[in-house]
Amino acid sequence: MDLGLDEQQEMLRNFARDFLEKECPEQLVREMEEDEKGYSPELWRKMAEQGWMGLIIPEEYGGAGMRITDLVVLLEEFGRFLVPGPFIPTVVLGAYPIMLAGTAQQREQLLPRIASGELIMTMALTEPSAKWDADGVELEARKEGNEYVLNGTKLFVQDAHVTDFMVVVARTGRGATPEEGISLFLVDSRSPGIKFELLRTIASDKQCEVTFENVRVPAGNLLGEEGKGWPIVHKTKLLAAVAACAYLVGLSQQDFDITLNYAKERVQFGRPIGSFQAIQHKLADAVIDVDGARFITYKAAWSLQENEPDAELMVSMAKAWCSEASRRVVAHGQQIHGGIGFTKDYKIQLYFRRQKWMELMWGDADYHRELVAEKLQI
Amino acid sequence: MDFRLSPEDEAWRQEVRSWLRQNLPPDWEDRIPEEQGWEFARDFARKLAQKGWVVPHWPKEYGGLGLDLWKQLIYREEMAYHRAPLGYVAMGTDWAGPTIIVYGTEEQKREHLPRIARAEVMWCQGFSEPNAGSDLANLQTRAVRDGDEYVVNGQKIWTSGAHRADWMILLARTDPEAPKHKGISYFLLDMKSPGITIRPLIDMMGNHAFNQVFFENVRVPAKNLLGEENRGWYMATTTLNFERSSIGGVAASLALLEELVRFVQDAPPELAYLCRQPRVRNRLADMAVEVQVGRMLSYNVVSIQAQGRVPTYEASIAKLYNTELGLRLARTGISILGLYGQLKPRSKWVRLRGRFERQYLWMTGMVVGGGTSEIQRNLIAIRGLGLPRG
């Protein structure tokens with residue numbers, strides 16, 4: 001057993017940290033908040049050159065063939081630098097379900113282009129009901145000849161407006177349970193009848209309302225079997241939750257590091273505020289939250305990667321913990337910074353706002369505690 | 001990143017577990033009258049000793065099994081999970097013994113280590129004093145050299161098991177002129193020495209575990225000084241090369257949580273209403289998450305040690321988090337049980353053997369003993385994060 005990083009992961013982390021420090025400065029993060037696309041094509045291309053989009057894509061499809069724990073190491077750094085753009089949507093919500101369920105042809109057509117950075121993807125799952133579960137999927141896909149016709153609205157779809165393809169979760173039928181009758185489609189984002197509207201969010205990230213009006217999708221773009229798409233979504237959600245945790249770990253660590261430095265430098269009453277126990281104890285509690293978040297996330301990622309029997313339980317435990325622990329960390333960060341933390345110019349607010357976003361994504365603490373209770377048969 | 005135990009580690013876990021199942025009835029606390037608990041613990045430790053399992057973490061040359069850190073962790077986890085009564089030997093196996101191994105003379109090692117390893121002696125710890133609690137270095141008990149002996153005068157408090165102990169590890173001031181950390185020496189004291197008076201200090205659980213110990217011209221042979229004179233503080237606070245994960249606390253919490261979950265799943269009719277409250281699910285799930293995080297924080301300490309590094313703030317984190325978790329779990333259990341939560345063991349209407357009433361009182365002590373939560377936060381902030389002293 002070893003809770004730390006192996007040599008290769010250590011290298012990946014160090015490289016990513018150096019790279020992002022240079023290529024993703026605070027200035028870029030701020031610009032992308034105002035930018036319509038929300039990402040820098042130049043940075044995207046450079047990240048692709050590092051092979052990051054293909055990190056977990058098998059080598060036969062142009063990827064690096066690395067594993068979930070490796071992705072977590074990278075995403076921790078993404079959280080640290082608040083890397084804007086559709087990386088998680090492309091890799092986790094786009095490539096991963098294709099890896100899980102794509103036909104040989106779909107894999108060959110899409111995975112190498114994702115790995116090379118050519119394609120941007122996302123998954124369109126949630127709707128105005130804002131549910132993560134199958135009973136929230138109402139968007140209708142009706143078969144007509146050799147095509148499906150999609151009608152309905154997706155909401156909170158990450159980065160949809162800049163994608164080439166979306167994995168659209170749609171209802172093709174109804175069965176005894178909400179999970180039955182769900183189908184996945186690889187939809188060309190430029191298809192006629194699709195409209196994108198950006199939402200204004202706390203993190204100034206780019207989530208969209210996506211409306212589908214008689215959008216025609218070739219039957220060959222069905223991902224997995226008709227009516228049996230939910231297990232693919234389910235598995236994707238597990239990885240997405242782990243990705244959110246990893247992002248929160250990096251975000252919390254960085255918020256904490258900034259705050260710690262501030263506490264050492266800021267002088268009041270003739271001494272650094274970090275010499276006051278009121279501040280020290282907040283920071284001690286915060287470091288427990290960060291460490292706890294990191295190791296429960298590693299445990300969840302490893303369990304998922306190794307197909308451990310308790311993997312789903314671990315993922316829910318991790319997201320339940322990280323959602324709340326990261327909130328406590330950034331709240332302490334704001335409080336210790338005092339007035340300056342509340343200003344737009346100072347960097348800590350960038351972390352504070354994004355924490356709330358990732359806290360909500362893929363289920364907040366209450367949602368995952370309920371899943372933990374179910375799994376423990378309470 | 002690898003969370004799998006090696007096959008040998010798994011086998012070790014199974015071995016410890018199956019031995020415990022055969023040798024420690026799960027309901028021993030109900031069967032053994034409270035006043036006989038001490039004898040039961042002593043006999044249990046001697047049974048362990050027959051397998052070399054009292055000090056499995058010690059090097060083989062001193063009667064241990066030379067277990068690596070992960071196997072030590074597993075041993076502690078299983079012992080605590082099964083509520084094994086190891087308090088009887090702990091001060092010898094985890095404090096006196098390891099310190100003697102590192103600092104003792106050959107003669108001290110020969111005299112003490114085999115007897116600790118065979119669970120033949122009980123040790124107590126004479127560190128705390130009325131004015132030396134969190135500020136331990138402020139201790140005032142004096143030891144004055146007189147020929148081949150030291151003469152000890154002063155008072156200790158919170159001395160667990162002093163009334164049963166054969167030996168004490170004693171910190172006493174040998175140089176009152178030196179700065180307070182630099183004038184303390186570490187002694188091995190025979191508790192049969194004349195001049196020792198022991199007064200019970202009953203805790204709020206009603207147990208006699210603590211004592212006050214008074215020394216009046218107690219003569220300690222100079223050969224019972226451990227290490228160098230005036231170096232006692234550093235010996236007492238040195239990180240000894242044994243597992244420091246606080247895994248026991250979180251393992252005990254896991255066992256308790258599992259009992260609570262089983263109870264709620266199969267609630268007796270009169271408690272069904274309380275146990276079916278929607279908040280109960282949320283609280284138990286919350287506890288399950290927190291216990292898992294606590295386990296990871298403890299495992300992290302060992303993971304660091306196993307890589308040959310010395311944990312700094314990580315051990316403080318594990319102690320702080322896992323004791324406070326134990327207290328939260330106690331509150332959760334009591335709140336789920338409602339009015340039944342206040343009943344003590346052996347009450348007519350008691351549920352869950354009164355474990356949560358005990359846990360609530362016990363953990364209130366545990367967040368103080370061994371370095372209060374506040375002291376742990378100070379250590380994390382100053383030693384771990386490099387914040388300036390106040």
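These numbers come from a predicted model, not from an experiment. Chain identifiers are assigned alphabetically (A, B, ...) following the order of the sequence lines, protein sequences preceding nucleic acid strands; residue numbering begins at 1 within each chain. Side-chain atoms are counted along with the backbone in the values below, which use heavy atoms only and exclude waters and symmetry mates.
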Report summary line: Under 4.5 Å to a heavy atom of chain B? For Phe269(A) that would be neither
Report summary line: So, the part of Arg271(A) with a heavy atom under 4.5 Å from chain B: the answer is side chain
Report summary line: chain A shares the most heavy-atom pairs under 4.5 Å, among Leu5(B), Asn300(B), Ile304(B), with Asn300(B)
Requested in this report: Please look at Gln265(B) and chain A and tell me whether the side chain, the backbone, both or neither of the residue comes under 4.5 angstrom of a heavy atom of that chain.
Outcome: side chain
Requested in this report: Go through the atoms of Leu379(B) and report whether side chain, backbone, both or neither lie under 4.5 Å from a heavy atom of chain A.
Outcome: neither
**Report entry** Closest-packed option against chain B by number of heavy-atom pairs under 4.5 Å, given Phe276(A), Trp302(A), Phe295(A)
**Finding:** Trp302(A)
Report summary line: Ranking Leu5(A), Val73(A), Val287(A), Asp70(A) by heavy-atom pairs under 4.5 Å to chain B gives rank one to Val287(A)
Query - Short side-chain donor-acceptor distance under 3.5 Å, Glu77(B) and Tyr299(B) - result: yes
Query raised in the report: What residue among Leu71(A), Ile56(A), Val242(A), Thr69(A) forms side-chain contact (heavy atoms from CB on, under 4.5 Å) with Gln305(A)?
Result: Thr69(A)
Query raised in the report: Any side-chain donor-acceptor pair under 3.5 Å between Glu258(B) and Tyr81(B)?
Result: yes
Report task. Examine whether an atom of Glu374(B) lies under 4.5 Å from a heavy atom of chain A, and if so say whether it belongs to the side chain, the backbone or both; otherwise answer neither. Result -> both
Report task. Compute both the distance and the angle, then confirm whether Arg328(B) meets the cation-pi test with Tyr321(B): under 6.0 Å from the six-membered ring centre, within 45 degrees of the axis. Result -> yes
Report summary line: One option among Asp285(A), Val72(A), Leu313(A) has the most heavy-atom pairs under 4.5 Å with chain B, and it is Asp285(A)
Query raised in the report: Considering only heavy atoms, which portion of Val293(B) lies under 4.5 Å from any heavy atom of chain A: side chain, backbone, both, or neither?
Result: both
Query raised in the report: Tell me, side chain or backbone of Leu385(B) under 4.5 Å from chain A's heavy atoms, or both, or neither?
Result: both
Query raised in the report: Is the closest side-chain donor-acceptor distance between Ser275(A) and Arg389(B) under 3.5 Å?
Result: no
Query - Contact origin within Leu320(B) toward chain A - heavy atom pairs under 4.5 Å - result: side chain
Report summary line: Under 4.5 Å to a heavy atom of chain B? For Gln9(A) that would be side chain
Query raised in the report: With no hydrogens and no angle check, do the side chains of Asn322(B) and Ser298(B) hold a donor and an acceptor under 3.5 Å apart?
Result: yes
Query - Flag, side chain of Gln355(A) to backbone of Ser252(A), donor-acceptor distance under 3.5 Å - result: no
Query - Any donor-acceptor N or O pair under 3.5 Å, side chains Glu265(A), Asn261(A) - result: no
Report summary line: Okay, Ala288(B) and chain A: the region with an atom under 4.5 Å from a heavy atom over there is both
Query raised in the report: How long is the gap from CD on Gln277(A) to CG on Leu387(B), to the nearest 0.5 Å?
Result: 11.5 Å
